[in-house]
Number of protein chains: 2
Amino acid sequence: MSPSPNDQALVAIPEPTLKRLPYYYKSIQGQREAGREFVSCTTLAEALGLNPIQVRKDLQATGAVGRPKVGYHVSTTLDAIEECMGYHNTKDIFLVGAGHLGQALLAYPGFSEFGFNLVAAFDVDPTKMETEFAGKPILDASRLSDLVRRMHVQIAILAVPATAAQAVTDTLVRAGIRAIWNFTPTRLAVPKGVLVQDENLLASLSVLSKQLESSRAKSHKESIHGEPEEL
Amino acid sequence: MSPSPNDQALVAIPEPTLKRLPYYYKSIQGQREAGREFVSCTTLAEALGLNPIQVRKDLQATGAVGRPKVGYHVSTTLDAIEECMGYHNTKDIFLVGAGHLGQALLAYPGFSEFGFNLVAAFDVDPTKMETEFAGKPILDASRLSDLVRRMHVQIAILAVPATAAQAVTDTLVRAGIRAIWNFTPTRLAVPKGVLVQDENLLASLSVLSKQLESSRAKSHKESIHGEPEEL
DNA sequence: GTTGAGTCGATAAGTTTTTATCGATATGGA
DNA sequence: TCCATATCGATAAAAACTTATCGACTCAAC
């Protein structure tokens with residue numbers, strides 16, 4: 001099949017790039033507020049501690065175009081990122097599990113900036129039900145399925161105990177959810193077509209700690225062998 | 001430099017592998033509790049929705065050895081992962097920023113399982129200072145630097161507002177911190193030798209939402225062009 | 001003008017990570 | 001005992017991602 005001209009949006013952007021785009025967005029916003037009209041890869045890379053070439057490739061993926069010797073037009077590029085990431089069209093989200101983590105997410109003010117609307121939370125705890133937190137209603141989990149269906153909510157945040165993770169997932173999937181942001185340490189089984197983004201906090205911390213250990217061992221070894229550390 | 005025989009621990013394990021190890025650990029633990037003595041890559045992969053070959057490679061990286069036709073010995077393999085990830089030796093951690101997210105982390109009970117000890121939190125809010133949350137003390141942020149130094153704490157969790165992120169980081173670095181688990185949407189500038197693990201929640205959510213959009217566009221296109229979806 | 005330096009865009013090389021292939025080994029049943 | 005099968009380990013191929021190279025373009029200074 002030969003790709004048609006407007007296939008750009010369908011050419012999948014690499015996930016590492018997608019993860020960096022919000023950083024570019026924020027940084028360029030800062031430049032705009034500072035009154036700058038253009039920004040170069042070099043500048044961006046410097047500010048974010050990244051490789052300039054990588055920045056250029058990432059921006060290319062959004063469709064943004066730059067001018068030699070000048071850089072990227074701030075507003076145009078912001079638009080390109082917004083368009084690419086879909087910050088414009090609002091997406092409703094349900095939160096399942098209103099424990100400590102869930103409440104932290106409920107209180108988080110930044111969702112709207114990226115086009116998200118955290119509509120409501122669901123929990124099985126009777127003392128929490130039909131209350132509000134940070135202006136968002138906490139509803140009875142038994143209503144979850146029905147409301148997902150009726151409101152056509154596509155994205156859910158899973159912040160329940162690990163033991164309930166798969167069961168809740170099954171409910172969500174049956175109700176027609178399309179994407180799950182998974183804060184439990186469980187790997188969820190979902191049918192093809194349902195997306196899962198894992199946010200395993202303990203795993204991340206473990207990685208950090210392991211890398212710390214390795215770097216220590218390495219520098220120790222280097223000092224023994226008399227090899228200088230890189231600059 | 002020719003690698004010496006016991007360099008295995010120094011051969012860096014790929015980060016993607018490190019991120020998967022906690023899942024293997026948890027899954028194998030489950031197998032142990034179910035009374036099984038051996039577990040195969042195939043089984044593990046099935047349970048976690050991964051590629052069996054990948055599982056085998058990952059386990060190899062930990063030093064675990066399996067037996068053909070039998071699989072990996074559950075207890076031995078768990079030990080290998082524990083040893084590899086350093087779950088045994090306890091690591092003290094400071095939390096900086098006791099807002100909603102910080103409190104959620106304070107209340108999180110799972111740290112100790114992986115060898116972490118969240119010692120204390122720090123905040124600038126006078127109403128929070130010298131109080132406790134989930135049994136952990138919340139201290140005056142002005143004492144942070146001194147305590148990092150005196151207690152030789154190497155890992156810090158950064159859960160402060162974005163505006164304060166770099167300043168707090170600088171303080172931590174000067175006090176001798178070695179690794180930062182960064183929950184702010186800021187990319188931190190740190191000197192070489194200091195590790196940063198970014199946990200940009202909005203970025204993750206954005207990625208999920210973008211992928212959702214793409215997959216929708218793709219399946220729509222497929223249906224137009226009459227191409228069958230894969231099974 | 002002309003020159004020089006900074007930057008983009010495209011292509012290519014390099015690295016890392018994932019997936020595949022294949023022989024070797026252990027188990028259980030004929 | 002011998003064979004079929006499941007699984008490991010090692011090596012190789014493929015894919016994804018990052019980094020490098022180079023020509024072209026634009027602005028600014030001379």
B:Ser40 side chain: which of C:dG6, D:dT7, C:dT17 is closest?
D:dT7
Under 4.0 Å from OP1 or OP2 of D:dC17: is there any side-chain N or O of A:Gln54 that close?
no
Within this structure, what is the CG-to-P distance between B:Asp58 and D:dA10, rounded to whole angstrom?
15 Å
Using whole Å, what does the distance between atom P of nucleotide D:dT26 and atom CD of A:Glu37 come to?
17 Å
Looking at A:Gln29, I'd like to know if its CD atom is crowded, meaning that more than 12 non-hydrogen atoms belonging to other residues, nucleotides or ligands lie closer than 6.0 Å.
yes
Is the distance from OP1 or OP2 of C:dC8 to the nearest side-chain N or O of A:Arg56 less than 4.0 Å?
yes
Between B:Arg20 and C:dT18, does any side-chain N or O lie under 4.0 Å from OP1 or OP2?
yes
Short side-chain N/O contact from B:Tyr72 to OP1 or OP2 of D:dG9, under 4.0 Å:
yes
Integer-rounded Å distance: D:dT7 C1' and B:Glu46 CD:
15 Å
What contact category does B:Thr17 fall into here, base, sugar-phosphate, or nothing, at under 4.0 angstrom with non-hydrogen atoms?
nothing
Under 3.5 Å, is there a donor-acceptor pair between the side chain of B:Asp198 and the main chain of B:Asn200?
no
For B:Lys57 and D:dT11, give me the distance from atom NZ to atom P, rounded to whole Å.
11 Å
Rounded to whole Å, the CZ-P distance (B:Phe38 to C:dT27) equals 8 Å
For B:Ala64 and A:Pro16, take the nucleotide of DNA chain D holding the closest heavy atom to each; which residue's nucleotide lies nearer the 5' end?
B:Ala64
Is it the case that over 12 heavy atoms from other parts of the model lie below 6.0 angstrom from the CD atom of B:Glu83?
no
Where does the angle between the aromatic ring planes of B:Trp181 and B:Phe111 fall among parallel (under 30°), tilted (30 to 60°) and perpendicular (over 60°)?
perpendicular
Below 4.5 Å, heavy atoms only, C-beta onward: do A:Arg36 and A:Thr43 meet side chain to side chain?
no
Using whole Å, report how far CD of A:Glu15 lies from P of C:dT17.
14 Å
Presence of B:Asn51 side-chain N/O under 4.0 Å of C:dT19 phosphate oxygens OP1/OP2
yes
Whole angstrom is fine here: how far is it from CG in B:Leu50 over to P in C:dA20?
14 Å
Has A:Gln60 got a side-chain N or O lying under 4.0 Å from the OP1 or OP2 atom of C:dA10?
yes
For B:His73 and C:dA26, give me the distance from atom NE2 to atom C1', rounded to whole Å.
16 Å
